[in-house]
Amino acid sequence: MEYAQSVVGDKKIAGKEIIQSCQRFLDDVGNDEYDFRTRDAEFVIKIIETTFVHDKGERLDGSPLRGEPFILEPWQKFIIYNLLGFFQKDTEIRRYKEAFIFLPRKNGKTRFVAALSWGLSLLERKSGSTVYIVGAALKQAMQSFEFIKFNLTEMGEINNFRVLDNNMEHSISGALGDGSLFIQALAANPDTQDSLNCNIGIADELHAYKTPKQYNIIKEAMKAYTNKLMIGITTAGDKMSSFCYQRLKYCQKILDKTVKDEQYFVFIAKADEDEAGNVDYTNPIQHEKANPNYGVTIRPEDILNDAEQAQNDPQQRKDFYAKSLNIYTSAMKAYFNIDEFRKSDSNYDWTLDELAKLPIKWYGGADLSKMHDLTAAALSGTYKHKGKEVDIIITHAFFPITQAYVKAEEDNIPLFGWQDDGHLTMSNTPTVLYDDVVRWFINMRKLGFSIKQIGFDKKFGREFFNGMKKAKFRIVDQPQYFYKKSEGFRHIEMKSKNEELYYLHSSAFEYCVQNVRAIEKTDDMIQYEKVDGDGGSARIDLFDAGVFATVQKLDDTTMDNVAKKWLNS
């Protein structure tokens, strides 16, 4: 209570999301829908602090911690009181079934996970508690498992449990008189974990999970229990199309109260960002906001030194953002800062119907797959608005439904989410149906878009080229030379930086922008390609189509200007 009140009352430095979490707690303590009982939380805290000791580490003064009692910090107790303190009114049913704990490196996350697993397993022993500690790789889960095993040895209790620690299994199990416990370390492998059954699941290093299924398979294993608890605990990563990043954005919406999810506890420790995603990363106040263990396991002088190195060496900056400030960044090889695009896009809010009625000349572009991959179409136009020349890019994706389930799973592309949001059309064919792309342009024309011309490299789809001509579109053969595309690329880049770019808030377009990798050439030229994703899974097709459309617009505008000068002369 003191921790929550001091955070909300600005007596303790904390980031925006921690302040929101503390305010949520204070509001809910007085909420008539819940009973707040301290019994279970205090049992777990007492178990941890009286049975667990540190296995390594040093205090700030350099004195060793090994063998010293594992005393929880106020923020850790705050998490435990939240998870275990709230009950549905007049029942023994706990409120929270799921938790998202987001912490930078070196804040004691792994040891806290292990201690919490131990405390929860004893609390739920009468139900035959089963705890799975799951890492994207087994090595991650093993750190917590080894810490529990170390402490059982220190207690002199190791022989009272059945401990399996070999190539086949890493588990601790035993009877406890009035119940039992089972704790196992696992690698997240949904293909071999369909038969799991547990009441407590801890998904460690969530940012390294490649697919949502790795998380959901553990969550699904809890359906037989009422007081189940699924905890995702992680540090920021560098892949904004990942499951973890989407989970972070969802949890921020819970704290912002734009989404209501009463069964989800959220604790997000990160530095504060401005609208463009910038962070005052050399400021010690931001360091303390991001790190709950600032001054405990986080040495202020060390993190300040790291910040100064990041300032002097830009190559270090993204790592510092992710690991020390807990700020998600684009992949190290990605070219764009997606927050610049989002800030620009947020300034405008025209709908498709509104855009169709505006006096805009539209130019098209298409990027077609050869067989059964992502295909993209785009329109680009410019509109004068409040003294600004706003570039508008409308994109649409196409994918064969027979391959969609496989690609969405293997490559972690949110195809079905795009379909739900209206950004993608699924074709009922094994390969891309070019007629669907032609039909999209026809429908946009029917809606009222005045499409002057469309650029497309016909050697990548002569069938589509002919289909567009038959539909009476003016289609221009546009070879994919990098020096030609460079002009469109630079134009989009400039417009995003000047906050003169609008793409209808398309998450599909943002996904592709984040996957663009670019190489600077001579004479300010640029050659771009997709970043190396997992097995080459990244996609940039919607961005590519937007570039093609922009090139057509720039070429035609140049021709118009030349013609005007000739006529005037």
Legend entry - Verdict with reasoning, Trp418 to Tyr511, per ring-ring contact (aromatic ring centres under 6.0 Å, His included): CA-CA 10 Å; Trp418 295 351; Tyr511 167 89; 5.2 Å; yes
When you compare the side chain of [Y] with that of [X], does any pair of heavy atoms fall below 4.5 Å?
X      : Y      : result
His505 : Asp349 : yes
Pro400 : Ser427 : yes
Tyr328 : Ser242 : yes
Thr395 : Tyr503 : no
Tyr245 : His207 : no
Tyr132 : Met222 : no
Gln184 : Ile172 : no
Phe161 : Leu176 : yes

Donor-acceptor contact below 3.5 Å, side chain [X] vs main chain [Y]:
X      : Y      : answer
Gln214 : Ala188 : yes
Arg94  : Phe87  : no
Asn326 : Ala269 : yes
Asn199 : Thr130 : yes
His170 : Asn166 : yes
Gln514 : Glu510 : yes
Asn278 : Asp274 : no
Arg125 : Leu122 : yes
Arg95  : Glu262 : yes
Glu49  : Leu72  : yes

Inset, instruction - Using the ring pair (Phe, Tyr, Trp, His ring centres under 6.0 Å) rule, pick out the option among Phe267, Tyr34, Phe265, Phe25 that qualifies with Tyr96. - result: Phe265
Verify the neighbour count for atom [atom1] of [X]: are there more than 12 heavy atoms of other residues, nucleotides or ligands below 6.0 Å?
X      : atom1 : value
Lys253 : NZ    : no
Asn167 : CG    : no
Ile71  : CD1   : yes
Arg299 : CZ    : yes

Return the [atom1] to [atom2] distance between [X] and [Y], rounded to the nearest 0.5 Å.
X      : Y      : atom1 : atom2 : result
Ile183 : Trp118 : CD1   : CH2   : 6.0 Å
Ser117 : Ile133 : OG    : CD1   : 3.5 Å
Ser507 : Leu542 : OG    : CG    : 9.5 Å
Asp261 : Lys97  : CG    : NZ    : 12.0 Å
Met1   : Phe78  : CE    : CZ    : 10.0 Å
Asn283 : Leu325 : CG    : CG    : 10.5 Å

Can you name the nearest heavy-atom pair linking [X] to [Y], along with the distance?
X      : Y      : answer
Thr235 : Leu103 : OG1-O, 2.9 Å
Ala236 : Ala322 : CB-O, 3.8 Å
Gln286 : Asp280 : CG-O, 3.5 Å
Ile298 : Arg105 : CD1-O, 3.8 Å
Ser121 : Ser129 : O-OG, 2.6 Å
Leu374 : Ala397 : CD1-CB, 3.9 Å

Inset, instruction - Report the C-alpha distance between Arg37 and Glu92 in whole Å, list the side-chain angles of each, state the deciding distance to 0.1 Å, and finish with yes or no for side-chain contact (heavy atoms from CB on, under 4.5 Å). - result: CA-CA 10 Å; Arg37 307 173 200 147; Glu92 290 298 316; 3.2 Å; yes
Legend entry - side chain to side chain donor-acceptor pair (under 3.5 Å) partners of Lys228, counting only residues at least two apart: none
Legend entry - Intermediate values then yes/no, side-chain contact (heavy atoms from CB on, under 4.5 Å), Ser21 and Val266: CA-CA 7 Å; Ser21 187; Val266 180; 5.6 Å; no
Legend entry - Worked verdict on Phe100 versus Tyr264 for ring-ring contact (aromatic ring centres under 6.0 Å, His included): CA-CA 8 Å; Phe100 183 77; Tyr264 213 137; 7.1 Å; no
Could you pull out every donor-acceptor pair under 3.5 Å between side chains of residues 2-14 and any protein atom, sequence neighbours left out?
| from | atom 1 | to | atom 2 | distance (Å) |
| --- | --- | --- | --- | --- |
| Ser6 | OG | Glu2 | O | 3.1 |
| Ser6 | OG | Tyr3 | O | 2.9 |

Inset, instruction - Cation-pi check, Arg111 to Phe70: give yes when NZ or CZ is under 6.0 Å from the six-membered ring centre and within 45° of the ring axis, no otherwise. - result: no
Going by atom type alone, with no hydrogens or angles, which donor-acceptor pairs under 3.5 Å involve a side-chain atom of residues 135-147 and a protein atom two or more places apart or on another chain?
| from | atom 1 | to | atom 2 | distance (Å) |
| --- | --- | --- | --- | --- |
| Gln140 | OE1 | Ala136 | N | 2.9 |
| Gln140 | OE1 | Ala137 | N | 3.2 |
| Ser144 | OG | Thr110 | O | 3.3 |

Legend entry - Audit row: Tyr348, Leu504, side-chain contact (heavy atoms from CB on, under 4.5 Å) steps and yes/no: CA-CA 8 Å; Tyr348 315 101; Leu504 285 78; over 6 Å; no
Inset, instruction - Please report the C-alpha distance between Tyr281 and Arg317 in whole Å, then the side-chain angles of each, then the deciding distance to 0.1 Å, and finally whether the side-chain contact (heavy atoms from CB on, under 4.5 Å) criterion is met. - result: CA-CA 9 Å; Tyr281 63 93; Arg317 201 168 299 163; 3.2 Å; yes
Inset, instruction - Could you tell me whether Glu273 and Lys16 have a side-chain N and a carboxylate O separated by less than 4.0 Å? - result: no
Inset, instruction - Kindly determine whether Glu98 and Gln263 satisfy side chain to side chain donor-acceptor pair (under 3.5 Å), including the steps that lead there. - result: CA-CA 6 Å; Glu98 198 167 355; Gln263 295 188 353; over 6 Å; no
Inset, instruction - Take Lys249 and Gln252 through the test side chain to side chain donor-acceptor pair (under 3.5 Å) and record every step on the way to the result. - result: CA-CA 5 Å; Lys249 302 311 288 183; Gln252 286 176 321; 3.1 Å; yes
